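Note on naming: letters A, B, ... go to the chains in the order of the sequence lines (proteins, then strands), and numbering restarts at 1 for each one. Reckoned from all heavy atoms, side chains included, excluding hydrogens, waters and symmetry mates. Everything quoted here is computed from the prediction, not taken from an experiment.
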There are 2 protein chains.
Amino acid sequence: MKRHHGMKVEIGKSMGMPALFKGIGLKATAQRQEILQTFYDNEGPMTADQIAAKMSKVDMVTLYRTLETFVEYRLIKKLNLSTGITFYEISDTHHHHIVCSKCNLIEEVDSCEIGTLVPHSKKFSFISEHSLEFFGICKSCAKS
Amino acid sequence: MKRHHGMKVEIGKSMGMPALFKGIGLKATAQRQEILQTFYDNEGPMTADQIAAKMSKVDMVTLYRTLETFVEYRLIKKLNLSTGITFYEISDTHHHHIVCSKCNLIEEVDSCEIGTLVPHSKKFSFISEHSLEFFGICKSCAKS
DNA sequence: AGCTAAATGCAACTTACTTGCATTTAGAAA
DNA sequence: TTTCTAAATGCAAGTAAGTTGCATTTAGCT
């Protein structure tokens, strides 16, 4: 699933962000609303720094704490890709990523046939998550 | 593929570690030999700290630099799992991992059917790497 | 044995993230 | 609509993992 211009997910407007926060028992602070709006306005995974850069002004401590809260309440997901830095993206569709080893461009891979690989779950009491990432050189890096 | 006691991979002894380093144009220093031996003696992914703990004494700067060199020369592989800390493991068989979300126990998953999922490579000029990790709760954590 | 590029190791730095604690604020109650 | 309080914020300081600069040492050629 690809989101693009003119097709923004506007949960904030469709149900009201304060209502959304209230529904899960969180205070609808200005900071939380702007952070969540930043996810609505920007598709794809972002680092904490990238999120901060897109916002008017935010204390990094508040940002990190809010991101943890959002992950806990399943509003967003945490991604650990090759770099070691944590990326965050909105929790909509289940998908995987394809990452450029040179410029760290991240694209979404829609399909997920991982279910076919999951008999390994016998080794564990249950499998709750999985991550599949592809790494390579993106077309634009290959040109240069 | 599982390595276990009595079945150690002893490249160091079978071809001589100095010869191995010489073959790739690296000086066979005592530190490099002990670091590589630590990989031969211990199966499974380890963090830099875990490697240091298994060694007689090593400067962390030397260790980090040596690990980077070993990755560059494909003696070992770097793993970025859920935690954000980097793990290193010897480059032998291609495999994936299953990680306990509670205790961070890491097990190997031998089979790799990812090839079937790679038509996504059209999006990139080529795919050089992929990573597939499963996360869940291991049997021993599930008990407690 | 002597030479030199490569490798090491100390100190200091950086980056990503966390913790402690005093101040502020959302939103329920009066 | 003011009052109250737990929840949330924001500053300062701390931590952990990894990096950089630079002087010293060493592998392994000659």
Side-chain angles (χ1 to χ4, degrees), chain A residues 12 16-38 45-73 75-89 104 106, chain B residues 12 16-38 45-73 75-89 104 106:
Chain A
M17 237 190 261
L20 184 153
F21 286 122
K22 192 180 179 183
I24 54 181
L26 291 176
K27 286 189 181 177
T29 65
Q31 293 88 333
R32 279 182 183 155
Q33 296 187 58
E34 200 190 348
I35 294 167
L36 188 54
Q37 193 60 51
T38 305
M46 295 178 285
T47 64
D49 275 356
Q50 288 168 345
I51 295 162
K54 289 174 198 297
M55 290 180 58
S56 55
K57 171 179 176 290
V58 65
D59 186 283
M60 290 308 286
V61 176
T62 301
L63 179 53
Y64 279 115
R65 280 198 279 230
T66 304
L67 291 171
E68 278 310 302
T69 305
F70 285 3
V71 169
E72 194 183 331
Y73 287 91
L75 296 174
I76 60 171
K77 279 184 210 167
K78 225 176 184 173
L79 290 175
N80 289 91
L81 305 174
S82 58
T83 46
I85 345 165
T86 303
F87 284 78
Y88 301 88
E89 68 175 5
N104 284 321
I106 300 166
Chain B
M17 237 190 257
L20 184 153
F21 286 123
K22 193 180 176 182
I24 55 181
L26 292 176
K27 286 191 182 175
T29 64
Q31 293 86 335
R32 279 183 184 155
Q33 296 188 56
E34 200 189 347
I35 294 168
L36 188 53
Q37 192 61 50
T38 304
M46 295 177 284
T47 64
D49 275 356
Q50 288 169 346
I51 295 162
K54 289 175 198 296
M55 291 180 58
S56 55
K57 171 180 176 285
V58 66
D59 187 283
M60 290 309 285
V61 176
T62 301
L63 179 53
Y64 279 117
R65 280 198 280 231
T66 303
L67 291 170
E68 277 313 300
T69 305
F70 285 2
V71 169
E72 194 182 328
Y73 288 91
L75 295 174
I76 60 169
K77 281 185 205 162
K78 223 177 183 172
L79 291 174
N80 289 92
L81 305 173
S82 58
T83 47
I85 347 165
T86 303
F87 284 78
Y88 301 88
E89 68 175 2
N104 284 320
I106 300 165

| field | F21(A) versus L75(A), closest heavy-atom pair with distance | value |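 Result for this residue pair: CE2-CD1, 4.3 Å.
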| query | Can you name the nearest heavy-atom pair linking I106(B) to P45(B), along with the distance? | reply | CG2-CG, 3.8 Å
| said: Exactly one of V71(A), I35(A), L79(A) should register a side chain to side chain contact (heavy atoms under 4.5 Å, CB included) with Y88(A). Which one does? | reply: V71(A)
| query | 5'-most contact on DNA chain D: K57(A) or L26(B), nearest heavy atom basis? | reply |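 The 5'-side residue here is K57(A).
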| said: Pick the closest DNA chain D nucleotide for D49(B) and for F21(B) by heavy atoms, then say which residue is nearer the 5' end. | reply: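 Mapping each residue to its closest nucleotide by heavy atoms, the 5'-most match is D49(B).
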Spacing of [X] atom [atom1] relative to [N] atom [atom2], expressed in whole Å:
| X | N | atom1 | atom2 | value |
| --- | --- | --- | --- | --- |
| I51(A) | dA16(C) | CD1 | P | 13 Å |
| E68(A) | dA16(C) | CD | C1' | 13 Å |
| D59(A) | dT19(C) | CG | P | 15 Å |
| E34(A) | dA26(C) | CD | P | 14 Å |
| R32(A) | dT25(C) | CZ | P | 15 Å |

| field | Along DNA chain D, first and last positions that approach a heavy atom of chain A under 4.0 Å | value |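 Footprint of chain A along DNA chain D, 5' to 3': dA6(D) to dA12(D).
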| said: Enumerate the salt bridge (Lys or Arg N to Asp or Glu O under 4.0 Å) contacts for residues 56-71 of chain A, please, sequence neighbours excluded, ordered by first and then second residue. | reply: E68(A)-K78(A)
| R65(B) side chain: which of dA26(C), dC10(C), dT19(C) is closest? | dC10(C)
| query | With respect to the phosphate group of dT18(C), does any side-chain polar atom (N or O) of Y64(A) fall under 4.0 Å of OP1 or OP2? | reply |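 No, no such contact exists.
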| task | Determine the contact category for T86(A): base if any of its heavy atoms lies under 4.0 Å from a base atom, sugar-phosphate if only primed atoms, P, OP1 or OP2 are that close, otherwise nothing. | result |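 The answer is sugar-phosphate, as T86(A) gets under 4.0 Å only of primed atoms, P, OP1 or OP2.
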| query | side-chain hydrogen bond (donor to acceptor under 3.5 Å, both in side chains) with E89(A): which residues, sequence neighbours excluded? | reply |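 Residues passing side-chain hydrogen bond (donor to acceptor under 3.5 Å, both in side chains) with E89(A): H95(A), H97(A).
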| Between the side chain of Q33(B) and the main-chain N/O of P18(B), is any donor-acceptor distance below 3.5 Å? |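 Judged by distance alone, no pair lies under 3.5 Å.
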